[in-house]
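To find a chain, count down the sequence lines: A is the first, B the second, and so on, and within it residues start at 1.
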Number of protein chains: 2
Amino acid sequence: MNIGQASKASQLPTKTIRYYEEIKLISPMRAENGYRTYCETDIHRLRFLQRARGLGFSIDECRLLLSLYEDEKRASSDVKQLALDKIGEIDRKLSELESLKATLTALARDCHGDDKPACPIIDDLAGRTNH
Amino acid sequence: MNIGQASKASQLPTKTIRYYEEIKLISPMRAENGYRTYCETDIHRLRFLQRARGLGFSIDECRLLLSLYEDEKRASSDVKQLALDKIGEIDRKLSELESLKATLTALARDCHGDDKPACPIIDDLAGRTNH
DNA sequence: CTTGACCTTCCAGTTGCTGGAAGCCTTAAA
DNA sequence: TTTAAGGCTTCCAGCAACTGGAAGGTCAAG
């Protein structure tokens, strides 16, 4: 599988894929002609990276998340704690997304005229995730 | 309210807040001594930006989202469509987060030993959002 | 055997911050 | 009243994570 197909499969631009190789997030094989060739595992990693990056996880966090699946040396309690930490973070993101969605949904539902949106929506702008 | 307090209230570093001013996402007033002063609306915007950026929306997308609440000139059907588009995007992010969480939860639950994680978890690495 | 769609590397530019220097403002203690 | 700490200012440099473009090699179709 060449980089173009990997790009389609992962929804990542080829530039980004090469960049991820440069910073050692993936290490695809090379064909005899010098072309990169991606195996199923590479594609999985790329798809994972595409999702996690799109959800606001940094490259280092992605590296950590990937390591959760692959690091055999780390004590299992560490792995577990890391996973639990990340789950907490994900829960926070989930509730933030929910509140953002609620705000937008209210906006789409209520603001049907040429007049300004109802005040409660604007008041909700900063979200209610912290209380 | 000075930048330090705004920083605490919004969970954004002061550097980032000044940067957001530079790119015209906010325009706080200035006190006589030259200090920036932030009103409630500014804080709302900052908190909103902090959340939206953390969820993977770009600065331009944030600008768009903010404009949804404030642009009186745009035809309401446009606003509605934009809001609906963004809601679709948020739904996608929500399901991606859910699948990521499920994967990590399975990892934390099942992988309690020194052995490698169970294969189904690794197989799930790239998520199931597209099928 | 050439045209067009791929692929390669390299290098420069962009986005979105982030850190540090140099200096002014403010509060609180000596 | 001076002075030290901490917060504020601007400016400029650097980093993270891409992104675009040039120059050129590879390959399948016509």
Checklist entry - Hey, does the side chain of A:R18 come within less than 4.0 Å of C:dT8's phosphate (OP1/OP2), counting only N and O? => result yes
Next on the checklist: Just the rounded figure in Å: distance from P of D:dT9 to CG of B:N2.
Outcome noted: 7 Å
Item to check | Full working for side-chain contact (heavy atoms from CB on, under 4.5 Å) between B:K101 and B:L104 | outcome: CA-CA 5 Å; B:K101 181 182 172 180; B:L104 283 179; 5.8 Å; no
Checklist entry - Quick one: A:Y19 OH to C:dT15 P, roughly how many Å, whole number? => result 17 Å
Item to check | Cation-pi, A:F57 ring and A:K86 (6.0 angstrom, 45 degrees) | outcome: no
Checklist entry - Does the side chain of A:M1 reach to within under 4.5 Å of the side chain of A:D42, using non-hydrogen atoms? => result no
Next on the checklist: Between P on C:dC17 and CG on A:D60, what's the gap in Å once rounded to a whole number?
Outcome noted: 17 Å
Checklist outcome for this item: Under a 4.0 Å heavy-atom cutoff, the residues of residues 21-39 of chain A touching DNA chain D are A:N33, A:Y35
Item to check | Between P of D:dT19 and CD1 of A:I59, the distance in whole Å | outcome: 11 Å
Item to check | Exercise: do A:R51 and B:S99 side chains pair donor with acceptor under 3.5 Å | outcome: yes
Checklist entry - Does B:K15 get its side chain close enough to the base of C:dG16, under 3.5 Å, for a donor-acceptor pair? => result no
Item to check | Nucleotide D:dT9, atom P - distance to CD1 of B:I17 in whole Å | outcome: 10 Å
Checklist entry - More 5' along DNA chain C: B:T16 or A:I3, using each one's nearest nucleotide? => result A:I3
Next on the checklist: Tell me the interatomic distance from B:R63, atom CZ, to C:dT15, atom P, rounded to whole angstroms.
Outcome noted: 11 Å
Checklist entry - Once you round it to whole Å, what is the distance between P of D:dA28 and CD of A:Q5? => result 12 Å
Only distances under 3.5 Å count here; give the side-chain donor-acceptor pairs of residues 2-9 of chain B to other protein atoms, sequence neighbours excluded, each with its distance to 0.1 Å.
unit_1: B:Q5; atom_1: OE1; unit_2: B:N2; atom_2: N; d: 3.2
unit_1: B:S7; atom_1: OG; unit_2: B:L12; atom_2: O; d: 2.7

I'd like a table of donor-acceptor pairs (distance under 3.5 Å, sequence neighbours excluded) in which one partner is a side-chain atom from residues 16-30 of chain A, with atom names and distances.
unit_1: A:E21; atom_1: OE1; unit_2: A:R36; atom_2: NE; d: 2.5
unit_1: A:E21; atom_1: OE2; unit_2: A:R30; atom_2: NH2; d: 3.4
unit_1: A:R30; atom_1: NH1; unit_2: A:G34; atom_2: O; d: 3.0

